[in-house]
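Only one structure is covered here, and it is reproduced in the block below.
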Amino acid sequence: MLELRFIRENLELVRKKTERRGIEDSRIEDFEKVDLERRELLGELERLRNNRKTVSAEIAELKKQKQDAEALILEMRGAGERIKELENTLAGVEENLQDIVMGIPNLCDDSVPAGKDEDDNVEVKKWGDVPQFAFEPKSHWEIGENLGILDFERAAKLSGARFALLKGLGSRLERSLINFMLDLHTQKHGYEEVLPPFMVNSTSMTATGQLPKFEEDLFRIKGWDLYLIPTAEVPVTNIHRDETLAEKELPVKYCSYTPCFRSEAGSYGKDTRGLIRQHQFDKVELVKFSRPEDSGAELESLLADAEEVLQLLKLPYRVVTLCSGDLGFSATKTYDIEVWMPAQNKYREISSCSNFGDFQARRGGVRYRPRDSKKSRLVHTLNGSGLAVGRTLAAILENFQRDDGTIYLPEVLEPYFEKRF
RNA sequence: GGAGAGGUACCGAAGUGGUCGUAACGGGCCCGACUCGAAAUCGGGUUGUCGGUUAGUAGCCGGCACGUGGGUUCGAAUCCCACCCUCUCCGCCA
C-alpha cells in the first residue's frame, strides 16, 4: 500500500508508474474525487467532535462546582447522533477509498526496465556452462519415473493433477536439498531459521499483498479464516507485524523451509507435466527487514545468497531483472534466477528475489526506531527463494543425467547421503 | 468442550462515568552532566495515525485510537451486549 498523502501529492507519478506495469483498471481516476470527499467529511466531523468535547468539558466543570448544567446538556442532546451519522457516511467513503488504494501496485524502482511481459526481462548475468550431451537429454519426469523416485500417476490418484509423489532416493534428495539450503543460509549467510505455521489468517495475507487482489490464487480452509500459505514470505514477513524494531537489530534475516500451496488459477495447460508447476511444492525462503537506505544493497546480497546455492550445486543459471510488466504487485524491483533445464533447452525460474520497499511494512505496520530519532519509520522488507526445492530437484535430474538413465549428485550433497545407522 | 483470569504506550503495569491518551509508577532505549574511559548516579527526552497549516518527512493546531464491533450518555479505558485473542485448571487428544 502506498501512503495516502503520497498518492495525493504525486498522482501523476503514481498513474505513470502504474501504467508502466501495464495495469489498466486501477481506478486511480477515482482517487482524487473520493479522497476529496473523504477530507471534506472528515473536516466537518472533526469540527463536530471538537465542539462536543469542549462542551462536555464545560459541563464537567459546572458539575464540579455544583452548578446547573441542564441547559448545556439539553443543547448537546442529539449531537452524538449527528456525529454517528457522519461517521457512517465517512466509513462508506473510506471503504471506497481503501479499495482504490489497495488496488494500486507498488512503484517500480527506476532501475526496472520498461516492458510488457517476461520476454522483456533483461539478463544481467550468466553463470556456469550449459551441459553438452552426447545423447538426447531426457526430461526430469522421465528420468524420475524410470528410476522409480517420482510417481505422478499415483499422486494423481491421491490428489489429482499437479501433485507429485516422491519415493526412496527421490524423497531423500528433496529432504537433502532442504537441509543443504537451510544449513548454507544459517551457517554461512547469517540467517536465523524459523519454521512458521503453514496456514495464516486473512490479516497476514493482506499485509504481504496476496489479499485482497489475488484471493483466487490461494487455497482457503473451508469454515475458517485460514489460507494455506503460497510462500513462506507470508508468515515470516508477518512475524513482526505491528511491531517496532530497534535499529541495532536491523537487518533482521530469516530463513525458512515450508511447503507452498498455489491454486495456479489461470495457468491451465502450462507445464502440465513434471515438477515445475505444482499445487504443493517445497521452498526455502529468505526474508529480510532492513533500514530503508539499505534495502537496495540488501537485495543484491540476498540475490548473491540465493545464487550461491546453485553455484555450490554446480547448476548453470542466469539472472534477469524483471521488467515493469512482469513485476509483482507489491515489489519495487525483482531479480529472477533461472536455472538451465536441458530437456526444455531453456532457463526456468528457480528463485525470485524482491525488494518491497515500505509497501508491505505499511500494510503490516512494521517499523523501527532510528537511534537518534523520536519518530519511528517503516522498515523495508525483502524476500527471495533460496531456492524452490522441487525445481532444484528437477534441474539436478536433468543436468546431471547419464546416458544409462542414472544421475550423479553434486559433491556438496554427499554428506546428506551418508549412511547414519 | 467446561471453569476462571486477562488484553492500556517499546516492555511490565496503575487507572471502575468528567483535564487519565502530552496515560501514574517501574524497566528499556536515546540525549546530556559527572569520568581519562566505563559502571553507578543525576537531569532531560521517548505512542501511533489521520486532517489542517507549511517549502517541509520540522514546528504548531485539531480529530481518532485503552483487543474488535455495537449500545447507553452531554461525556466511556471505565457501564451494557456480541465477538476475537492470550494465559491457568479440568476433559479429550498426536
Check: Phe219(A) ring centroid to His279(A) ring centroid under 6.0 Å:
yes
Going by purine N1 to pyrimidine N3 plus the second Watson-Crick contact, or the G-U wobble pair, all under 3.5 Å, which nucleotide sits opposite U72(B)?
none
Nucleotide C64(B), atom P - distance to CG of Leu45(A) in whole Å:
8 Å
Can you check the Ile73(A) CD1 to G17(B) P distance for me, whole Å?
17 Å
Any-strand Watson-Crick or G-U partner of A33(B), both distances under 3.5 Å:
U41(B)
Which base sits across from C10(B) as a Watson-Crick or G-U pair, both distances under 3.5 Å?
G27(B)
Does the ring centre of Tyr254(A) sit less than 6.0 Å away from the ring centre of Tyr191(A)?
no
Taking the side chain as everything from C-beta on, heavy atoms only, tell me whether Val14(A) gets closer than 4.5 Å to Ile28(A).
yes
When rounded to the nearest Å, what value does the distance between C1' atoms of C85(B) and U8(B) take?
16 Å
Is a salt bridge present between Arg291(A) and Asp294(A), judged by a nitrogen-to-oxygen distance below 4.0 Å?
yes
Ring pair (Phe, Tyr, Trp, His ring centres under 6.0 Å) contacts touching residues 82-126 of chain A (sequence neighbours left out)
none
Can you find a heavy atom in the side chain of Thr208(A) that is under 4.5 Å from one in the side chain of Ser330(A)?
no
Mapping Arg47(A) and Thr244(A) onto RNA chain B by nearest heavy atom, which one lands closer to the 5' end?
Thr244(A)
Find the distance Lys84(A):NZ to A76(B):P and express it as a whole number of Å.
8 Å
Value in whole Å for how far the C1' atom of G48(B) lies from CZ of Arg377(A)
16 Å
Flag the pair Arg8(A) and Glu32(A) as a salt bridge only when some basic side-chain nitrogen lies within less than 4.0 angstrom of an acidic carboxylate oxygen.
no
Is the distance from OP1 or OP2 of G63(B) to the nearest side-chain N or O of Asn50(A) less than 4.0 Å?
yes
Phosphate contact (C74(B) OP1 or OP2) by Arg77(A) side-chain N/O below 4.0 Å
yes
What's the gap between C80(B) and G17(B) when it is taken at their C1' atoms, as a whole Å value?
13 Å
Given that Ile59(A) and Arg367(A) both sit by RNA chain B, which one's nearest nucleotide is further toward the 5' end?
Arg367(A)
Sticking with atom P, work out how far G48(B) lies from A38(B), rounded to a whole angstrom.
29 Å
Every protein N/O lying under 3.5 Å from an N/O of nucleotides 51-53 of chain B:
{"from": "G51(B)", "atom 1": "OP1", "to": "Arg8(A)", "atom 2": "NH2", "distance (Å)": "2.4"}
{"from": "G51(B)", "atom 1": "OP1", "to": "Arg38(A)", "atom 2": "NH1", "distance (Å)": "3.1"}
{"from": "G52(B)", "atom 1": "OP1", "to": "Arg39(A)", "atom 2": "NH1", "distance (Å)": "2.8"}

With both distances under 3.5 Å as the test, what is the Watson-Crick or G-U wobble partner of G1(B)?
C90(B)
Give me the distance, rounded to whole Å, that separates G62(B) from U46(B) when you measure between the C1' atoms they each carry.
23 Å
Can you check the His380(A) NE2 to U57(B) C1' distance for me, whole Å?
13 Å
Leu48(A) CG - C74(B) P separation (whole Å)
16 Å
Report yes if some heavy atom in the side chain of Leu45(A) is under 4.5 Å from a heavy atom in the side chain of Glu87(A); otherwise report no.
yes
Same-atom distance (P) from G52(B) to C34(B), integer angstrom:
46 Å
Could you please name the partner base of G17(B), counting Watson-Crick and G-U wobble pairs only when both distances are under 3.5 Å?
none
Expressed in whole Å, how much space separates the C1' atoms belonging to U49(B) and U88(B)?
36 Å
On the nucleotide C64(B), are OP1 or OP2 found under 4.0 Å from the side-chain N or O atoms that Lys53(A) carries?
yes
For U22(B), which nucleotide is its Watson-Crick or G-U wobble mate, given both distances must be under 3.5 Å?
none
Answer yes if the ring centres of Phe180(A) and His185(A) are under 6.0 angstrom apart, and no otherwise.
no
From CD of Glu75(A) across to C1' of G75(B) the rounded distance in Å is 14 Å
Integer angstrom distance from the P of G15(B) to that of C20(B):
15 Å
Just the rounded figure in Å: distance from P of G18(B) to CE of Met76(A).
18 Å
Looking at G62(B), which nucleotide sits across from it as a Watson-Crick or G-U wobble partner, both distances under 3.5 angstrom, or is there none?
C50(B)
Please report the distance separating the C1' of A94(B) from the corresponding atom of A5(B), rounded so that it comes out in whole Å.
28 Å
